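Everything below concerns the one structure shown next.
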Amino acid sequence: MRKIIHIDMDAFYASVEQRDNPELQGQPVAVGGSSKRGVVASASYEARRFGVRSAMPSVTAQRLCPQIIFVKSRFEVYREVSNQIRDIFFSYTDLVEPLSLDEAYLDVTENKKNLKSAILIARQIRKEIEDQTQLTASAGVSFNKFLAKVASDINKPNGMKVILPEEAEAFLEELPVEKFHGIGKVTAGKMKRMGLHKGKDLKKMSELELVRRFGKAGLHYYKIVRAQDERPVNPNRIRKSIGAERTYSKDLTRLEDMKEKVEYLCEVVYNYMEKKDNFGRTLTLKIKNSDFKVITRSRTFGGEIRRLADLEQAALQLLEENIQPDHRIRLLGIAVSNLSKEQIGGGGIQLEFDF
Amino acid sequence: MKFSVSSADLLKQLQIAAGSIAQNTVLPILEDFLFTISNNKLQIAATDLETSITTELDVKADSNGAIAVPAKILLETLKALPQQPITFNIDETNFGIEITSSYGKYRLAGESGKDFPKIPEPDAVDTVGLPGKVLTQGINKTLFATSTDELRTAMTGVYFQVDFDKLTMVATDAHKLVKYTYSNLSSDVATSFIVPKKALNLLKGAVPEAEDVKLAFNKANAFFTFGNTHLVCRLIDAKYPDYNAVIPVDNPNLLSLPRVDFQNSLKRIAIYANKTTNQVVLNINDGSLTVSAQDLDFSNEATEQLACTYEGEPLVIGFNAKFLIEMLGVITSDEVKMELSTPTRAGILLPNEEPDEERILMLVMPVMLSN
């Protein structure tokens, strides 16, 4: 049986801002642009109480919480804190799989301090993080990645949850489907319409039935609801692309509206690239028409796209080149691939001539 | 206007010209051939505005004139006809075209020849003559190494350097580089320019090895003439990278081995390499070369050992197998040499022997191994 910990910083960017600026403490804070087209990258818990969430357009956040304070992001600082946290992780184990600047899986089955108890390790790590950074983290402790991830969310913020092997199945049976990591809003809605509300409802479905309804993901659901997740903690996990897409309740017909949506998606993707500290060379625009026809158009650049303005410019250009006047658009998506971290770990790095 | 011609002769010339027609054209007239008749000569032209081909053949005509003929329908018609004399009858008021074969009549709608884009013609420019065989060889040995990165336009073409009696062709995508030199040229000029990939692909298929090619160029275009065919292409307007600066001068480790054995080994080992990186590892010791690869995602791995001659320090170096296989594929000698230095510096690949007037030098950047 493995011992896996999932550590997740609480409202990471917003908490860093509150730490560094006492005036922000106790206030609803959103990190991100306050402009008409800005996007919230992170919201403090005071702001979350009003329903403000990350990846939300700043105008929506402002409407939900008129007294919200917008703060510009400082990724150099977040990256620095992230490195501090990672050093703490590495003092316990080398099997660390960072998911982003503020989140990681640790396999502590074997650990450098020869501690038997993963619960003790999680407690120590959280204390060290708080002592060294004055920031709080939540932790989930269990015997696989899926359960650890679900657990870290249960007593958030500044909390911890342990799911023991003998508790796992009962815990999952009572877990609402939308709390399953990997089941998104859309799928959860579909499940509820089918009368699948909790883990135990999912468990009644056969493997075949789940695959028929949900495709390949169904195989995954079948396993996780039985607390089966064999995925190793992989320190060299390779991400192929970073993207975001949105389906619109009303078809978009005006170029101006499409541009606004594309700018929003660019900012979401850009925040994500910043968060993952992973930038890509290839930009792909996905367009689904009202007749469900999907087109994707890509452009590859010589170097990584490292500025939001560059990403937006390239995306808008792709959009304008591929929109006909009579287009009715149901879905838009932006993805960036050819990521700088893609090659690391999986093998060597192809070197280039120094022209 | 009316003219007669052999269907097979016409088809042959049309197929040469058709290469320059783009798949998705911007203007409908670019899907046409331009036919121009002058004194019993039919000149055929086709263009995508970047690359144009003109060619000509003898016909029997009753007058002079020009007409744009839809390429696809004409080619299909001729391909479906057994060889025979055919007659074109052109109505110059409505650009209607009527073709008569021994089986019957075929009508299609043409367009005014005046609407066809003007094809650049060589002005008073420098010219160079070279054997067709040299040009096609040079293209075959370099084209594969060009880049597809549109942001580095210079590297998407082949760099031609003419230096009096010497022609150098260079291609690189920043990972691999080929430099091909032919030193028995007849020219009195020294210049350089970048020819786009499409034109070179067309030349490769069209230039007869036994014929000489006349190469002319000005600031904007290059003109290739062979037999009665002309190919004009717009040059890539960019600065070519200083490739000489990346050619190592001191690679002390010398590996020498049979080319085909090396290539075949790489082809087998590459099957077991990671499909995105194609990474193979060469472990080189005195007298033996171990080629190995593994794909961690699928737990595949393979190892082979080859006999070789090696002078130098033992070396472990990674390469993209696909690059090495392609590069070995354009060498013809039985033995090849690799000159290496460290696992992170460019390696040189050379044939062991080559004709006096030809030199080929290839460079490849290694894959930096992670452990």
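It should be emphasised that the depicted structure is a prediction, and the values quoted were computed from it without experimental measurement. In what follows, chains are A, B, ... by sequence order, proteins preceding strands, each numbered from 1.
The number of heavy atoms from other shown groups lying within 6.0 Å of NZ (B/Lys198) is above 12. With a 6.0 Å radius and a threshold of 12 heavy atoms from other residues, nucleotides or ligands, A/Glu321 has its CD atom above the threshold. By the 6.0 Å contact criterion, CD1 on A/Ile295 is enclosed, its count of non-hydrogen atoms from other residues, nucleotides or ligands being greater than 12. Around CG of A/Asn322, the count of heavy atoms belonging to other residues, nucleotides or ligands within 6.0 Å exceeds 12. Heavy-atom contacts from other residues, nucleotides or ligands closer than 6.0 Å to CZ of B/Phe144 number more than 12. Around the NZ atom of A/Lys288, the shell of radius 6.0 Å holds more than 12 heavy atoms that belong to other residues, nucleotides or ligands.
Scored by the ring pair (Phe, Tyr, Trp, His ring centres under 6.0 Å) test, B/Phe262 finds no partners at all (sequence neighbours excluded).
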Name every donor-acceptor pair, under 3.5 Å, that has one atom in a side chain of residues 106-113 of chain A and the other anywhere in the protein, sequence neighbours excluded.
from, atom 1, to, atom 2, distance (Å)
A/Asp107, OD1, A/Thr109, N, 3.0
A/Asp107, OD1, A/Thr109, OG1, 2.4
A/Thr109, OG1, A/Lys3, N, 3.1
A/Asn111, OD1, A/Lys113, N, 3.2
A/Asn111, OD1, A/Asn114, N, 2.8
A/Asn111, OD1, A/Leu115, N, 2.9
A/Asn111, ND2, A/Val108, O, 3.0
A/Asn111, ND2, A/Leu115, O, 2.9
A/Lys112, NZ, A/Phe90, O, 2.7
A/Lys112, NZ, A/Asp94, OD1, 2.8

Please output the side-chain donor-acceptor pairs of residues 223-230 of chain A that fall under 3.5 Å, not counting sequence neighbours, one pair per line with the distance.
from, atom 1, to, atom 2, distance (Å)
A/Arg226, NH1, A/Tyr222, O, 3.0
A/Arg226, NH2, A/Lys203, O, 3.0
A/Asp229, OD1, A/Arg231, N, 3.1
A/Asp229, OD1, A/Arg231, NE, 2.9
A/Asp229, OD2, A/Phe146, N, 2.8
A/Asp229, OD2, A/Arg231, NE, 3.4
A/Asp229, OD2, A/Arg231, NH2, 2.9

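B/Phe323 and A/Gln350 make their closest contact through CE1-OE1, 3.7 Å (heavy atoms, listed as atom of the first residue, atom of the second, distance).
To the nearest 0.5 angstrom, B/Met365 atom CE is 8.0 Å from A/Asp354 atom CG.
Under the 4.5 Å side-chain criterion, counting only non-hydrogen atoms from C-beta, B/Asp242 is not in contact with A/Phe355. By the 4.5 Å heavy-atom criterion applied to side chains, A/Leu351 and B/Thr344 are counted as neighbours.
When each of B/Arg345, B/Gln294, B/Lys176 is scored by its heavy-atom pairs under 4.5 Å with chain A, the top score falls to B/Lys176.
The interface of residues 243-251 of chain B with chain A, defined by heavy-atom distances below 4.5 Å, comprises B/Tyr243, B/Val246.
Neither the backbone nor the side chain of B/Thr148 comes within less than 4.5 Å of any heavy atom in chain A.
Side-chain N or O atoms of A/Glu352 include none that pairs as donor or acceptor with a backbone N or O of B/Asp173 at under 3.5 Å.
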